[in-house]
Amino acid sequence: EKGGYEHFMLKEIFEQPRSILDSMRGRMIAESDHLMMAGIREFENKFVNANRIIIVACGTSWHAGLVAEYLIEDLARIPVEVEYASEFRYRNPILNERDIVIAISQSGETADTLAALELAKSKGATIFGICNVVGSSIARATDAGAYTHAGPEIGVASTKAFTAQVTVLTLIAMIIGSKRGTLETTKLRELMVELETIPSKVEEALQLNEQIVQISEQYKDATNFLYLGRGYNFPVALEGALKLKEISYIHAEGYPAAEMKHGPIALIDEQMPVVVIATKDSSYEKIVSNVQEVKARKGKVIAVVTEGDTTIPAMADHVIEIPETSEHLMPLLSVIPLQLLSYHIAVMRGCNVDQPRNLAKSVTVE
Ligand code: F6R
């Protein structure tokens, strides 16, 4: 059942080339300019004319929502807010008929997300679901939606569901952007072609596994970790930190790299591993300075960089090279080494990675 892997989590990490492909299948074919999702088409006018998109979710799904905020605002130019479902539902939120509320949930059963959705529905908003489990409560409660075709996710720590969610959200941002005319045809085509290459680039990133085992050996006894990223990689930093906390029980925090100097920099010393996601994108120069700031305080830098980069490797203690892609799609690649890092550290610490203590796969109570 684990397909020769030691744990479901590892199997699911390695399934990502396939689950990402399955989540785009039938929805996008770059060669023939095909880009269509039934759930969006049904509500096309609502999406095109939306005042605002509010995304509600918890945990890893909330991180996928943060990636979508960058995607939708950039490609479709609609204001997006990403809310923890538990906070949103008790805040007496302001909502109306021109708002679209998107709930993201792997299980489709998360109590707070479901309640947030019901509340939004009662206020007249259009509600849209992105779920992995077919026929789940959230999927049934929505006006329309799109499934992630990740297949069953058994490991409690979410991995392939996250990349499937980001894939679907990317397609949604591209579709709305093209319908609204905010995403030019040439740019849209480029993104479609690039998105089609992602499964094979994820496959390449998975070949880093052995290298990551070695890095894990060196840091498995750390008591704290910091994860830094900017732009599209900021949510990835949060996700990397969450994965490590959940399964290895090492305290970890994810931060937007520029926020470091507003507090967490005080934590940095020679004992502190700092994972920096520093791929070649529009914030690259800025993150180079952030790496310098960490090194000046003797922090240990584990950098995730774009293949061929020479600047960061000259400063970092460890360099993990991933393939180049558009910054819009980078989270699909940059999260892979972080999933592997948390997995190997947890295994080395003797933790039960598929069933971490105190956690449940689906949180059906608030
Ligand atoms: C993280 C994790 C949790 C879930 C969260 C939401 O690895 O598994 O943080 O992401 O409980 O669950 P869903 O997506 O089922 O609503």
Side-chain angles (χ1 to χ4, degrees), residues 7-13 15-16 19 23 55-68 82-89 101-118 120 127-142 145-169 227 235-250 252-254 331 335-336 338-343 345-346 351-366:
H7 297 99
F8 283 110
M9 183 183 177
L10 192 61
K11 170 174 179 268
E12 289 161 4
I13 291 173
E15 274 170 359
Q16 289 175 106
S19 50
S23 298
I55 297 178
V56 294
C58 305
T60 289
S61 298
W62 184 79
H63 296 153
L66 283 182
V67 175
V82 189
E83 305 271 359
Y84 284 117
S86 56
E87 287 299 315
F88 180 78
R89 62 181 287 207
V101 175
I102 302 181
I104 309 175
S105 177
Q106 188 287 125
S107 63
E109 302 297 343
T110 302
D112 279 317
T113 309
L114 181 59
L117 212 74
E118 299 286 6
I127 61 173
F128 191 90
I130 298 178
C131 297
N132 196 45
V133 177
V134 176
S136 53
S137 305
I138 293 173
R140 283 184 284 121
T142 51
Y147 282 111
T148 46
H149 296 286
E153 192 180 61
I154 312 290
V156 164
S158 186
T159 53
K160 64 175 180 171
F162 173 78
T163 46
Q165 288 163 345
V166 172
T167 302
V168 166
L169 289 159
Y227 285 73
V236 176
L238 297 182
E239 175 59 9
L242 179 64
K243 286 288 90 87
L244 189 71
K245 279 184 273 212
E246 284 182 288
I247 59 168
S248 75
Y249 318 139
I250 295 175
E253 289 197 55
V335 77
I336 305 289
L338 308 189
Q339 295 169 342
L340 289 169
L341 184 69
S342 63
Y343 171 78
I345 290 181
C351 301
N352 183 349
V353 292
D354 282 337
Q355 290 271 290
R357 68 186 183 201
N358 310 339
L359 293 174
K361 185 68 191 158
S362 126
V363 183
T364 53
V365 291
E366 65 171 294

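Counting starts at 1 for both ligands and their atoms, in listed order.
Val363 CG2, 4.1 Å is the protein heavy atom nearest to atom 11 (O) of ligand 1. The single protein non-hydrogen atom nearest to atom 2 (C) of ligand 1 is Glu246 OE2, 3.4 Å, given as residue, atom name and distance. For atom 10 (O) of ligand 1, the closest non-hydrogen atom on the protein side is Thr60 N, 3.1 Å.
Ligand 1 has a nitrogen or oxygen under 3.5 angstrom from a nitrogen or oxygen of Ser107. Considering both main-chain and side-chain atoms, Lys361 never comes within under 3.5 Å of ligand 1 through any nitrogen or oxygen pair. Distances between N or O atoms of Val156 and those of ligand 1 include at least one value under 3.5 Å. Of the polar atoms of Thr113, none of the N or O atoms is found under 3.5 Å from an N or O of ligand 1, judged by distance alone.
Residue contact annotation: Cys58 has a non-hydrogen atom under 4.0 Å from ligand 1. Contact between Lys243 and ligand 1 is present, with at least one heavy atom of the residue lying under 4.0 Å from the ligand.
Residue-ligand proximity, Ala157 to ligand 1, at heavy-atom distances under 4.0 Å covers atoms 7 (O). Ligand 1 places these atoms under 4.0 Å from at least one heavy atom of Ser61: 10 (O), 13 (P), 14 (O). Per-residue contacts place Ser105 under 4.0 angstrom from the following atoms of ligand 1 (heavy atoms of the residue considered): 13 (P), 14 (O), 15 (O), 16 (O). The distance from ligand 1 to the heavy atoms of Thr110 drops below 4.0 Å at these ligand atoms: 12 (O), 13 (P), 15 (O), 16 (O).
Glu253 and Lys245 are not joined by a salt bridge, as no carboxylate oxygen comes within less than 4.0 angstrom of a charged side-chain nitrogen. Ion pair Glu153/Lys361 flagged as a salt bridge, since at least one NZ, NE, NH1 or NH2 atom sits closer than 4.0 Å to an Asp/Glu carboxylate oxygen.
Residues satisfying the side chain to side chain donor-acceptor pair (under 3.5 Å) test with Gln339, not counting sequence neighbours, are Gln16. Tyr249 meets the ring pair (Phe, Tyr, Trp, His ring centres under 6.0 Å) test with no other residue; sequence neighbours excluded.
Side-chain contact check for His63 versus Leu242: some heavy-atom pair is nearer than 4.5 Å. The side-chain heavy atoms of Cys131 and Val133, taken from C-beta on, include no pair separated by under 4.5 Å. Counting heavy atoms from C-beta on, the side chains of Ser342 and Met9 come closer than 4.5 Å. Counting heavy atoms from C-beta on, the side chains of Ile104 and Trp62 never come closer than 4.5 Å.
Glu239 and Thr60 are linked by a side-chain donor-acceptor pair at a separation below 3.5 angstrom, with hydrogens and angles left out of the test.
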